[in-house]
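Step one of this worksheet: look at the structure below.
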Amino acid sequence: MTLNSYDEWSRLNEVVVGTATNYTAHDRELSFDLFFHDNLKGRSEWYYPRLAAAGTQTDARVRHRIKDRYLDELNEDVEGIVDTLRALDVTVHRPMTLDVSSVEVRTLAWSAAVVPPLNVRDIALVVGDEVIETPPMLRSRYFETQFLKPIFASYFGEGARWSVMPRPLMTDRSFDPSYVLSTTGGPIEPIRHPRAHPYDVGLEMMWDGALCLRLGRDLVVNIATENHAMACDWLERHLNGRFRIHRAYKLSDSHIDSMVLPLAPGRLLVRSREVADYLPEAMRNWDMIVAPEPLKNNFPTYDDDDLLLSSLYIDINVLSVAPDLVLVNDACPELARILERNRFQVVPVRHRHRRLFGGGFHCFTLDMVREGGPEDYFS
């Protein structure tokens with residue numbers, strides 16, 4: 001169990017697959033609506049006008065229940081991902097599950113319902129022989145890495161490095177809303193000024209591991225807000241020259257892995273060719289495999305009160321098991337055919353409700369051991 005993961009494509013030997021046990025609800029509050037603004041926009045009112053009447057803005061929360069049938073099918077599909085990876089000779093580790101009796105986290109400034117460790121790509125970054133717990137962008141995920149402690153501890157016992165980025169206080173004024181305010185179309189309602197709080201410290205670092213792509217000794221990091229930039233500054237100083245960091249500004253609102261994913265050295269799966277304009281110059285000549293436009297029949301039909309947390313492009317979120325072997329959603333045969341034409345072996349796997357739970361195969365997994373090393377793919 002020697003931790004070793006430098007890239008997104010080399011042969012995968014060990015991986016963490018998340019769990020959705022007791023994923024019963026979403027808490028609509030400031031961090032949630034800021035994070036999912038691109039997808040919630042147009043389906044419901046914006047956070048501030050809607051919740052201000054419920055109390056102070058820091059404490060205001062609206063619970064959105066998830067229908068049992070969606071959760072049952074999600075659990076089936078997650079276990080199918082696990083079975084598929086094990087059949088491909090990948091060792092699969094699982095987080096501890098959420099105890100339904102432990103449903104809320106409370107800090108100095110706010111409280112939030114805890115969600116289970118499903119999208120584990122977000123809550124940690126593995127760079128070489130080090131796992132770094134990242135400062136969450138959603139209040140409900142503040143202590144989510146606790147569910148992975150036994151796994152991280154095992155790797156640490158085998159010699160891995162283990163670090164934790166500074167945890168934010170996450171008051172209303174900790175968040176940089178500039179990206180949301182500048183987005184074309186904007187929120188439905190104007191954003192009001194967030195309320196002051198005794199523990200305000202100004203903007204803070206907030207950052208998910210899924211803002212980063214790993215390419216040997218190079219990291220490509222999406223930066224859309226000052227929260228991201230501060231965290232990237234910390235990461236750059238912490239790594240202290242062991243990796244080169246390349247900043248891609250406003251490639252997306254947050255996560256990078258539904259815009260672009262490297263499938264092999266010199267080969268990228270991208271949402272569109274315009275993605276290249278945001279990437280480091282050394283990557284702009286890489287082979288760009290453009291994903292097909294998503295079709296309506298690729299997705300289930302949902303009720304008006306169902307919250308859609310991911311864009312229609314979520315199926316770009318594939319998982320590479322080897323440089324020529326990719327897990328692809330079986331609901332997206334158009335993408336499978338394009339990859340096969342580009343000489344990839346495709347393993348179709350079922351994942352129905354990716355839009356409801358905000359993640360695809362890359363999101364649901366955290367690769368701990370791959371066979372690649374700190375190669376220089378940019379020279």
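The structure presented is a predicted model; accordingly, all values stated were derived computationally and were not measured.
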Inset, instruction - Check whether any side-chain heavy atom of L235 lies under 4.5 Å from a side-chain heavy atom of W207, and answer yes or no. - result: yes
Inset, instruction - Could you tell me whether K67 and D303 have a side-chain N and a carboxylate O separated by less than 4.0 Å? - result: yes
Legend entry - Flag, side chain of E375 to backbone of Y377, donor-acceptor distance under 3.5 Å: no
Legend entry - Under-4.0 Å salt bridge between D367 and R370: yes
Inset, instruction - State, without any angle test, whether R214 and S5 hold a side-chain donor-acceptor pair at a distance under 3.5 Å. - result: yes
Inset, instruction - Using atom types as modelled and distance alone, determine if a side-chain donor or acceptor of N75 lies under 3.5 Å from a backbone N or O of L71. - result: yes
Inset, instruction - Run the salt-bridge test on E73 and R350 with the 4.0 Å N-O cut-off and return the result as yes or no. - result: no
Legend entry - ILVMFWY network linking V105 to M96, side-chain heavy atoms under 4.5 angstrom: yes
Legend entry - Distance in Å, I314 CD1 paired with C332 SG, rounded so as to fall on 0.5 Å steps: 11.0 Å
Inset, instruction - Using modelled atom types only, decide if a donor and an acceptor are shared between the side chain of H238 and the backbone of W234 within a distance under 3.5 Å. - result: no
Inset, instruction - Supply the atom-to-atom distance F299 CZ to L308 CG, rounded to the nearest 0.5 angstrom. - result: 10.0 Å
Inset, instruction - Verify the distance criterion only: is there a donor paired with an acceptor across the side chains of H246 and E281 at less than 3.5 Å? - result: no
Legend entry - Nearest heavy-atom neighbours spanning E204 and N227: O-ND2, 2.7 Å
Legend entry - Aromatic contact, Y142 with W110 (centres under 6.0 Å): yes
Inset, instruction - Mind telling me whether Y23 and H26 have parallel, tilted or perpendicular rings, with 30° and 60° as the class edges? - result: perpendicular
Legend entry - Any side-chain donor near an acceptor of the partner, D176 and S178, under 3.5 Å: yes
Legend entry - Side chain to side chain, R121 and T365, heavy atoms closer than 4.5 Å: yes
Inset, instruction - Determine whether V220 and P280 make a side-chain contact, defined as any pair of heavy atoms from C-beta on separated by less than 4.5 Å. - result: yes
Inset, instruction - Search all heavy atoms of A231 against all heavy atoms of M165 and return the closest pair with its distance. - result: O-CE, 3.5 Å
Inset, instruction - Evaluate the criterion salt bridge (charged side-chain N to carboxylate O under 4.0 Å, His left out) for residue pair D324 and R343; output intermediate values, then yes/no. - result: CA-CA 7 Å; D324 60 351; R343 303 182 303 282; over 6 Å; no
Legend entry - T145 and E133: side chain donor to acceptor below 3.5 Å: yes
Legend entry - Basic-acidic side-chain contact under 4.0 Å: E236, R244: no
Inset, instruction - State, to 0.1 Å, how close S252 and A224 come at their nearest heavy-atom pair, and which atoms those are. - result: O-CB, 3.4 Å
Inset, instruction - For residues M368 and N4, determine if any side-chain heavy atom of one lies less than 4.5 Å from a side-chain heavy atom of the other. - result: no
Inset, instruction - Identify the heavy atoms of P116 and E144 that sit nearest to each other, and give their distance. - result: O-OE2, 3.6 Å
Inset, instruction - Return yes if some donor-acceptor pair links the side-chain N/O of R284 with the main-chain N/O of L279 below 3.5 Å, else return no. - result: yes
Legend entry - Whether N317 side chain and C363 backbone form a donor-acceptor pair below 3.5 Å: yes
Inset, instruction - Check the hydrophobic clustering (I, L, V, M, F, W, Y; side-chain heavy atoms under 4.5 Å; chains of links allowed) and say if L215 and F344 are grouped together. - result: yes
Inset, instruction - Calculate, to the nearest 0.5 Å, the distance between atoms OG1 and CG belonging to T301 and D306 respectively. - result: 10.5 Å
Inset, instruction - Would you check if P168 and P135 make a side-chain contact, meaning some heavy-atom pair closer than 4.5 Å? - result: yes
Legend entry - V221 with L213, same ILVMFWY side-chain cluster at under 4.5 Å: no
Legend entry - Backbone N/O of I289 and side chain of R273: donor-acceptor pair under 3.5 Å: no
Inset, instruction - Output yes when D172 and R139 qualify as a salt bridge under the 4.0 Å nitrogen-oxygen rule, no when they do not. - result: yes
Legend entry - From R354 atom CZ to S258 atom OG, the distance as rounded to the nearest 0.5 Å: 11.0 Å
Inset, instruction - Rounded to the nearest 0.5 Å, what's the gap from CG on L3 to CH2 on W162? Could you check? - result: 11.5 Å
Inset, instruction - Could you label the plane-to-plane angle of the Y155 and H93 rings as parallel, tilted or perpendicular, counting under 30° as parallel and over 60° as perpendicular? - result: perpendicular
Inset, instruction - Indicate yes or no: at least one non-hydrogen side-chain atom of L12 is less than 4.5 angstrom from one of S320. - result: no
Inset, instruction - Please determine, by modelled atom types, if D257 and H362 share a side-chain donor-acceptor pair under 3.5 angstrom. - result: yes
Inset, instruction - Inspect the contact between D305 and R65 and indicate whether a charged nitrogen and a carboxylate oxygen are less than 4.0 angstrom apart. - result: no
Inset, instruction - Could you tell me whether the side chains of Y278 and N222 share a donor-acceptor contact shorter than 3.5 Å? - result: no
Inset, instruction - Taking the side chain as every heavy atom from C-beta outward, state whether L148 and V120 have any atom pair closer than 4.5 Å. - result: yes
Inset, instruction - Measure from the side-chain N and O atoms of R94 to the backbone N and O of G18, and report whether any donor-acceptor pair falls under 3.5 Å. - result: yes
Inset, instruction - For the pair Y302 and Y70, name the ring-plane relationship: parallel under 30°, tilted 30 to 60°, perpendicular over 60°. - result: perpendicular
Inset, instruction - Indicate yes or no for a side-chain donor-acceptor contact from D77 to the backbone of L74 under 3.5 Å, with no hydrogens or angles considered. - result: no
Inset, instruction - May I ask you to decide if A210's main-chain N or O and D208's side chain share a donor-acceptor pair within less than 3.5 Å? - result: no
Legend entry - Note, L319 side chain near L85 side chain (heavy atom, < 4.5 Å): yes
Legend entry - Whether T171 side chain and H197 backbone form a donor-acceptor pair below 3.5 Å: no
Legend entry - Taking every non-hydrogen atom, the tightest pair across H228 and D253: CE1-O, 3.4 Å
Legend entry - Distance (rounded to the nearest 0.5 Å) between D218 CG and S379 OG: 9.0 Å
Legend entry - Neighbour count >12 (heavy atoms, 6.0 Å) for atom CZ, F156: no
Legend entry - Side-chain ion pair, D27 and R141, N-O less than 4.0 Å: no
Inset, instruction - Establish, yes or no, whether the cationic atom of R217 lies under 6.0 Å from the six-membered ring centre of F243 and within 45° of the ring axis. - result: no
